[in-house]
Amino acid sequence: ETGVTQTPRHLVMGMTNKKSLKCEQHLGHNAMYWYKQSAKKPLELMFVYSLEERVENNSVPSRFSPECPNSSHLFLHLHTLQPEDSALYLCASSQARDSYNEQFFGPGTRLTVL
Amino acid sequence: GESVGLHLPTLSVQEGDNSIINCAYSNSASDYFIWYKQESGKGPQFIIDIRSNMDKRQGQRVTVLLNKTVKHLSLQIAATQPGDSAVYFCAENIVAAGNKLTFGGGTRVLVKP
């Protein structure tokens with residue numbers, strides 16, 4: 001266990017559905033990240049939050065909407081997704097982002113968009 | 001059309017032998033290089049890192065070598081065990097960019113008993 005949990009572990013949704021992915025870290029970290037791991041590309045960063053403030057949006061389409069209500073929780077709200085959005089969505093956290101800090105990953109949510 | 005998956009190079013290793021996994025990186029401004037291990041159904045797990053001003057670092061059964069001249073990174077696993085079967089990723093970190101990781105494509109290691 002890395003101290004980062006994600007729910008659900010598996011999600012199947014239609015293109016017109018709205019769903020949310022949840023991440024929780026129990027490490028007391030101040031920075032949280034969303035990554036996408038697809039079959040066609042290497043693991044790629046989507047969003048970064050530091051102290052609950054979004055500090056990076058890596059050119060992600062607006063159908064993905066992150067939310068960080070506090071330093072322990074991170075959500076990824078999904079709506080009107082496309083089949084090519086099917087992937088493993090990984091959450092990570094680190095102590096901070098102003099210096100080198102190890103990132104701890106959750107187990108991911110396997111998303112399938114029909 | 002048929003979707004094509006990311007082709008992962010595969011390293012088949014006999015149990016007990018040493019494994020060497022290679023990675024080419026692109027950014028000479030990277031401050032740290034990190035190796036992650038990802039087992040089936042799990043997220044990436046930190047193995048070892050090396051700062052850019054070093055050329056070798058050893059951990060428990062693992063050694064990372066950094067050659068900045070040719071922008072090459074390698075991970076050596078001694079006495080490979082069945083539990084080492086996984087996908088291994090190298091990642092670059094630039095501190096000034098906010099602790100951001102850029103991952104390589106990964107290598108699958110299969111340990112044969």
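Every chain is numbered from 1, with letters handed out A, B, ... down the list of sequences. Note that the coordinates shown come from a computational prediction; the quantities given were computed from them, not determined experimentally.
- Grouping the Ile, Leu, Val, Met, Phe, Trp and Tyr side chains by contacts below 4.5 angstrom, directly or via other members, places A:F64 with A:M32.
- Linking Ile, Leu, Val, Met, Phe, Trp and Tyr residues whenever their side-chain heavy atoms come within less than 4.5 Å places B:Y25 and B:I48 in a single cluster.
- For B:K42, the NZ atom sits in a loose shell: 12 or fewer heavy atoms of surrounding residues, nucleotides or ligands are nearer than 6.0 Å.
- Surrounding CZ of B:R51 are at most 12 heavy atoms belonging to other residues, nucleotides or ligands under 6.0 Å away.
- Heavy-atom distances place the side chain of A:Y35, and not its backbone, under 4.5 Å from chain B.
- Interface residue A:A96: only backbone heavy atoms are found under 4.5 Å from chain B.
- The local environment of CD in A:E84 is crowded, with over 12 non-hydrogen atoms from other residues, nucleotides or ligands closer than 6.0 Å.
- At distances below 3.5 Å, not a single donor-acceptor pair connects side-chain atoms of A:E102 with backbone N or O atoms of B:D49.
- Linking ILVMFWY side-chain heavy atoms closer than 4.5 Å, directly or via other members, places A:Y49 and A:L51 in two distinct hydrophobic clusters.
- Nearest heavy atom pair, residue B:P44 against residue A:L43, reads CG-CD1, 3.8 Å.
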If you apply the rule side-chain contact (heavy atoms from CB on, under 4.5 Å), what do you find for A:T2 with B:F46, and how did you get there? CA-CA 10 Å; A:T2 62; B:F46 174 93; over 6 Å; no
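- No single ILVMFWY cluster, assembled from side-chain heavy atoms under 4.5 Å apart, contains both A:L111 and A:F75.
- Across all non-hydrogen atoms, the minimal contact from A:Q37 to B:F89 is NE2-CZ, 3.4 Å.
- If you measure heavy-atom distances from A:R110 to chain B, you find no contacts under 4.5 Å at all.
- Surrounding CE of B:M54 are more than 12 heavy atoms belonging to other residues, nucleotides or ligands, all under 6.0 Å away.
- In this view, A:T109 satisfies the side chain to side chain donor-acceptor pair (under 3.5 Å) rule with no residue, not counting sequence neighbours.
- Closest approach of A:P42 to B:F103, counting heavy atoms only: CB-O, 3.9 Å.
- Shown here is B:K68, whose NZ atom has more than 12 heavy atoms of other residues, nucleotides or ligands within 6.0 Å.
- Closest non-hydrogen pair, A:D98 versus B:V95, comes out as O-CG1, 4.0 Å.
- Proximity to chain A (any heavy atom under 4.5 Å) is shown, for B:L101, by both the backbone and the side chain.
- Contact of A:S94 with chain B is made through the side chain alone, with heavy-atom distances under 4.5 Å.
- Between A:L90 and B:Q38, the shortest heavy-atom distance links the atoms CD1-NE2, 4.4 Å.
- Looking at B:N93, the atoms closer than 4.5 Å to chain A (heavy atoms on both sides) all sit in the side chain, from C-beta outward.
- For the side chain to side chain contact (heavy atoms under 4.5 Å, CB included) with B:K100, the lone residue among A:E56, A:Q103, A:R97 that qualifies is A:E56.
- With a 4.5 angstrom heavy-atom cutoff, B:A96 does not touch chain A via any of its atoms.
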